[in-house]
Structure formats: structure tokens, C-alpha cells
Engineer: 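Structure provided below as C-alpha cells; questions to follow.
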Protein chains: 2
Amino acid sequence: MKPTGPKQRLPDRKSKVTVREVALVAQVSESTVSRIMRNSSLVADETRDRVMEAARALGYVPNRIAGSLASLDPFLVGVVIPSLSNIVFPEVLQGIQAGLARSDLQAVISTTDYDMAREEAAVRGILAWKPAAILLAGFDHTVATRRMLDQSGIRVVEMMDIDSSPIDVAVGTSHRGAGLMTGRHLIAKGYRRFGYVGHDWAADRRARLRYDGLCAALAEAGLSLCAHAICEGASSVGAGRALTAQIRTEAPQVEVAVYSNDDMAVGGVFHALAQGLRLPEDFAIFGFNGLDIGRELPQPLSTLRTNRFLIGQRAIEAILDQPERPATPAVIDTGFEIFPGATA
Amino acid sequence: MKPTGPKQRLPDRKSKVTVREVALVAQVSESTVSRIMRNSSLVADETRDRVMEAARALGYVPNRIAGSLASLDPFLVGVVIPSLSNIVFPEVLQGIQAGLARSDLQAVISTTDYDMAREEAAVRGILAWKPAAILLAGFDHTVATRRMLDQSGIRVVEMMDIDSSPIDVAVGTSHRGAGLMTGRHLIAKGYRRFGYVGHDWAADRRARLRYDGLCAALAEAGLSLCAHAICEGASSVGAGRALTAQIRTEAPQVEVAVYSNDDMAVGGVFHALAQGLRLPEDFAIFGFNGLDIGRELPQPLSTLRTNRFLIGQRAIEAILDQPERPATPAVIDTGFEIFPGATA
DNA sequence: CTGTTAGCGCATTCAG
DNA sequence: CTGAATGCGCTAACAG
């Protein structure tokens, strides 16, 4: 009982099947296949079925490289972030992926290791794909990067921070404001002797902004920091733990330490735990970010919560809502809030 | 003193500058520009300089969409991972970015939320870009995904796990082996009453493999688990903490609990800390992954370390070393090791 | 509703 | 060493 109809052989591995093959099998023109693949209406159902069947049988996958070239429509969005080891960036990426889910855009992602020259290379490489938009972290870029971004005419989102003037649109929160709020909150709680435990500012300008805000708050109250402990390199639980030990030795009078972020602060809590210090009576700790881990500590970490997921999501929404670059730069503030916790 | 030569106006924002414009300005043919932009040798230095200058002045950015179409060379590599909220995946991405740094490939990244249908869509979307390779997590794919992957003929790397037969190449470690090693190690240390604290297996098959390995090790010694505590949904410090409280109540005889991963285990440590339990005398805790956080706990977490960064890096190296899919599937074992710690 | 005709911007033969 | 021609695979007007 062998069927007599034309047997459709499965395509060889790697044999490229294009609109042409599909059109031949379905007995229609290439344009018709193209229309159908792009859900263009105005196609007879019967034709559509025939074409879809042929496409399925052949395992046809439309070539977006060709499609994008022909239509000049963008199908990619570039993302350039400093790193993935700081948990906040994966969180931003989650928001980006969530925002992208309802569109047909895909993300090309590069990391720079906080190196502006690498950022420049990444931006150049991504612009070559004619993306719908490019998302970056922060406002520090080389002049060449800035020039490329500007000339590209595409939408540019500077994420995380809103303390400078954006090229196009900035999405994030005010880190100086966060520092200020931290200081005022702790002063209101009665603290007077402040310490600061931080990591390298060269790489992390936003940590510097928060520090500045904190100092401003102290100055308002006629106070100033009693002690500093700053490590080289990136923030980490280990560094926070070590620096806390150091500051406790060098400046035992400090009542409360403000940390550059929650990773560092968790290190501080671990030091306190290991030493049997009572928090916040013997020593108070205040972080920044509102990481999940902080909430699950034996005593929840006092910190200032920001929403990194929202930053990524809003960034995508902004470019989806308005694909053309507007005449004047905009700022989208994703805010922050004090999380009282129990360590300060 | 106005120069008389032809003034080169800076291009308008968005005015597309192509090889054509550069060729016109530099007084050469488009082919010559193309050669130079691609570092092809066989070009006179003088010509090269003239062209480069023109390109720079015009702010020319080669269009990779067109380039890729014309040359049929791939410039992208696709990455499809379940999520970014589990820290291990950003770590894998770090390795991927590191591996990519020395190549001219860029990564298109999609997340699936552990949904095989979304994985299928992501794979389809990425294959449309004709990537050099596609990197996935695990071995569970829809038949359609498998078919596309197979027919694409490109390199396919299945990451994380090496407990099944790969389509092309698998890079990761044996999770069943890890579970086995965990059980044997703890039995050798004298533990006899085991509990298990885990998260949802439906989403995380590797957790299941580790569990199976653990049970096998217990069976070898004529033992079996005294207690289970499993939560719905993803792993988290909070869940680990809550389930630890539960298992301590329901099965107080348990000497040691094996956790599905370090996030859960850290939650267990926090519970112990909050309850004033002595680790490991009153209760012992063993994790999986070897996250940084575990090492900085007041008592370092006993766990089994894997190297996620290495998985990503090796995956990229594999495809760079051998761009053609080999005849027979391969396995790259990135290994694991016991980290003794102090909690078990 | 469907087919035909032109490119998209570049890389790649080939000639010179 | 350089230029002219051809086409990558697809979409976008146009006709019909």
C-alpha cells in the first residue's frame, strides 16, 4: 500500500531551505510564503495551510538576517552591562527579558568589566546589527561611544542611575538621593557616630554618589563620618566581613556603619554573628539594595530597597512605547524605599 | 583662511552611511572599502589610510546584517537558559562572555522560565539568526526543538549536566555523581540519620539527579532517608529556612540534612543561627554548588563545589575549537569537589 | 488574494 | 593592488 503521491523527502542535515524551496513545494510564489511567514493577513486560508504544511515538512526557518536586511526593521536590542557578578545586573537582565517577552525583539548582551574601552567596542559591535535600541549602565562613556550612540539615531537607555543628564532616556533611581535618605533616616533614629564600609569607587560611581549623599545628610545635621574602611576591587560578603572587623578595631566608637551595598553589609552581619555582637545595640548595620538574602538573615538587614528588575523592564517598555528618539531626554525614576529591618 | 578643499560635512543624525558613501569620499570602489574594513591584506597602505580616514570622518559602522548575509558567516552565538534568578546561570554567562571575548562572536540570550515551549520559541528565534552555535541548559527539549537543532547542523552545547546523551556536546558535571559523592562523604563522616531539604523537581531535573545519587549512596550503606521537606517553586534562602524549621519539628532525630543547593542550605544555617543550634553537633547541614556566600558564613558551609564559570567558558571554547559538528557526541566534565566547611 | 520586479548593504568571484 | 558584476534570502512596492 505504497502511496503514489510525490514523496517529500526530509531535507538533509544542513541543506539550507529557503522561501524558494517552500514556495516550490507549496506551488506558490516566494512573496506569498513571505507574507504567510510574517502573519500578513490577506492570504487565503487554503493557501496558508498548504504553505505552512510545506514549511513544516521542510523544517523551514526564516532567515532573519535576510529579512532584517530587506525590511530594514530591527529585531535586536543591545545590552551592555559592566558585569554579571554583581547580582544587580542579572536582575536588570531579568526585567529586560520580561519586557522583551511580549515583543519579537531579542537581546544581544555584552559585558565590559567596568572598562570604558570595552564598552566602546561592545557598542560598536552591537550597533553593527542595527538594533532597535541599546541599553547601557550609567553615564560614563568614552567620547567615541557617545558619538556613535548619538549618530546612530536609535534609542539609547542609560540604566541604574538618574543623577546625570541622559543622552536619550535614563531609567533608575537617584543614588545620591538614596545616600541622603539613608543618612537622614539613621540620624532620625538617633545615631550620631557613623562609619562607612565600602568598595572601590573607581569602578562603581554609583557607590560614590551614595556616599556623597550620606555625607550631605550628615553635614545637614552638623555631623561627619568617624571612620572609613574601603577595599580595593568589587564588593563581596568577604570584603564586608573583613572591613567590619577592621573598623571595629580602629574606631570602636562607631555606632552605625553604612555599607556600600548589601553584599558588604551581609559580611558585616556575619562578622557580628561570629563575634557575638548584638545588632543593633552593640553595632548597627545599614546596607543598600534590598537583596533577598538580607531579609532571610536571622535578623533582617536594615537597608534601602531599589528595584532592579523594574529598571530593566521599564527600559524596554520605554523603547517599545516610543521607538523614535524623542527630541528631549527623559528620566524614569524607579524609586527606592527604606526597609527598616532589624540591624539598625 | 578658509580651506578651499571640499568640506566634509558631518553626517546628519541617522543618515545612513554605507560602504558607498565611504567609497565616494575616499575615491575608491566599494570593494576596496569592504576589503579594508575586513582587514584583508593586499591593499596599499596609502589607500587604506585614505579609506580609514573617510570612514572615521563619516562615522561609518559596517552593517553586519548585510555582511553576514553576503558572506554567510555567523557572528552570533545563541544562549538559552531557564532563568537568571538562580545565580548559577549568570555565572555560566560570565564564562560565556569570557570565552567570547577573544572571538568576534556576540551572544544573543533568551530565558525560558523552565518552560520547554518557551525554549522552543527561543531556539527558533535564535536559529533564524544563523548563529555559529547554540548553547542550552540540560537535555530536556521538545521534539520540535530537537528537530530544529538537529537539522540546523550547527554546534549545539547542552550545559550544566552530563547525565544524559548529548545531541552534540555536553559541558557540565554529573549531578547524580555529585549526590552519590555527597552521601558517601557524609556516611564516611559517621552520619546515619539523613534528611533532605529540597525544592521543586519539576523545574529542576538536576536537583532530582542529585537526590537520586544521594539515595543510592545511602542504599549502598543500607540506609535510607528519615525525612523529606520539599517546597513548591524555586529554591531560595527563605524556603530553606522555613523547611529546616519544619523538618526539625517533624523529624527531630535527623542528624544531617542534605539540601538541594546552597541557597536552601544557607536558609538552614540561618534557621540554626536564629535558634541557637550548634552546627554540626546539634544539626548538620550540607549544600550544593559552593556559592561564595557559603564560605563567608560565620561557619563556612559544607558543600560540594562546582564551577559554573568554567561550564560557560568550556562551552564556548568547544565551539570555537571545532566549528563543525563532529560525527560523534562528546562530553566535557567540569567536575566538582567536596568543600568540607564546618557545618557537617 | 497572488505574482513580479527591485533592491537592502555587503562580500565575493572574477577581470584588469 | 583595485574595480565591476553577481547574489546572499528576504521584503516591499507594484501590478494584476
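Computation of the quantities below employed the complete heavy-atom set of this structure, encompassing side-chain atoms and omitting hydrogens, waters and symmetry-equivalent molecules. Residue numbers begin at 1 in each chain, while the letters A, B, ... track the order of the sequences.
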Engineer: Can you tabulate the close N/O pairs, meaning under 3.5 Å, that link protein atoms to atoms of nucleotides 14-16 of chain C?
Structural biologist:
none

Engineer: Test: side chain to side chain donor-acceptor pair (under 3.5 Å). Region: residues 67-82 of chain A. Which pairs qualify, not counting sequence neighbours?
Structural biologist: none
Engineer: Identify the 5'-most and 3'-most nucleotides of DNA chain D with at least one atom closer than 4.0 Å to a non-hydrogen atom of chain B.
Structural biologist: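 Range of nucleotides touched by chain B: D:dC1 to D:dG9.
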Engineer: To the nearest Å, how far apart are A:Asn63 CG and C:dC10 C1'?
Structural biologist: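 In whole Å, C:dC10 C1' and A:Asn63 CG are 14 Å from each other.
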Engineer: Under the salt bridge (charged side-chain N to carboxylate O under 4.0 Å, His left out) rule, what pairs show up with a residue in residues 120-129 of chain B, not counting sequence neighbours?
Structural biologist: B:Glu120-B:Arg124
Engineer: Indicate yes or no for a side-chain donor-acceptor contact from A:Arg325 to the backbone of A:Ile154 under 3.5 Å, with no hydrogens or angles considered.
Structural biologist: yes
Engineer: Using OP1 and OP2 only, check whether a side-chain N or O of B:Tyr60 sits under 4.0 Å from C:dG9.
Structural biologist: no
Engineer: Quick check: do A:Gln94 and B:Thr111 have side-chain heavy atoms less than 4.5 Å from each other?
Structural biologist: no
Engineer: Got a salt bridge between A:Arg314 and A:Glu317, using NZ or NE/NH1/NH2 to carboxylate O under 4.0 Å?
Structural biologist: yes
Engineer: Taking B:Thr18's backbone N and O only, do any of them form a donor-acceptor pair with B:Glu21's side chain (distance below 3.5 Å, no angle check)?
Structural biologist: yes
Engineer: Assuming nearest nucleotide by heavy-atom distance, tell me which of B:Ser31 and B:Ala66 is located more 5' along DNA chain C.
Structural biologist: B:Ala66
Engineer: Within a reach of under 6.0 Å around CE of A:Met52, are more than 12 heavy atoms found that belong to other residues, nucleotides or ligands?
Structural biologist: no
Engineer: Can you check whether A:Arg48 has a side-chain N or O nearer than 4.0 Å to OP1 or OP2 of C:dC1?
Structural biologist: no
Engineer: Please check this pair: side chain of A:Arg155 against backbone of A:Pro323, looking for a donor-acceptor N/O pair closer than 3.5 Å.
Structural biologist: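 No, the answer is negative, given that no donor and acceptor are paired below the 3.5 Å cut-off.
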Engineer: Using Watson-Crick and G-U wobble pairs with both distances under 3.5 Å, what is the 5'-to-3' dot-bracket string of DNA chain D, with [ ] for crossing pairs and | for pairs outside the strand?
Structural biologist: |||||||||||.||||
Engineer: Give, ordered by number, those residues of residues 69-78 of chain B having at least one heavy-atom distance below 4.0 Å to an atom of DNA chain D; if nothing qualifies, reply none.
Structural biologist: B:Leu69, B:Ala70, B:Leu72
Engineer: Rounded to whole angstroms, how far apart are CD on B:Glu21 and P on C:dG9?
Structural biologist: 9 Å
Engineer: Is any side-chain N of the basic residue among A:Arg50 and A:Glu53 closer than 4.0 Å to the acidic one's carboxylate O?
Structural biologist: no
Engineer: Apply side-chain contact (heavy atoms from CB on, under 4.5 Å) to the pair B:Met160 and B:Val88, showing each step before the final yes or no.
Structural biologist: CA-CA 9 Å; B:Met160 311 312 290; B:Val88 303; 4.1 Å; yes
Engineer: Between B:Ser83 and B:Asp113, is there a donor-acceptor pair closer than 3.5 Å when you use the side chain of the first and the backbone of the second?
Structural biologist: no
Engineer: C:dC10 C1' sits how many Å from B:Lys16 NZ, rounded?
Structural biologist: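 Rounded to whole Å, this separation is 16 Å.
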Engineer: Separation of B:Arg20 atom CZ from C:dC10 atom C1', in whole Å?
Structural biologist: 13 Å
Engineer: Is B:Val28 touching bases, backbone alone, or none of the nucleic acid, heavy atoms closer than 4.0 Å?
Structural biologist: sugar-phosphate
Engineer: Are B:Met159 and B:Ile96 side-chain neighbours, meaning at least one heavy-atom pair lies under 4.5 Å?
Structural biologist: yes
Engineer: Apply the test side chain to side chain donor-acceptor pair (under 3.5 Å) to residues B:Ser29 and B:Thr32: give CA-CA distance (whole Å), side-chain angles for both, the deciding distance (0.1 Å), then the verdict.
Structural biologist: CA-CA 5 Å; B:Ser29 74; B:Thr32 301; 3.2 Å; yes
Engineer: Using a heavy-atom cut-off of under 4.0 Å over every strand shown, decide if A:Thr47 touches base, sugar-phosphate, or nothing.
Structural biologist: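 A:Thr47: backbone/sugar contact only, no base atoms under 4.0 Å.
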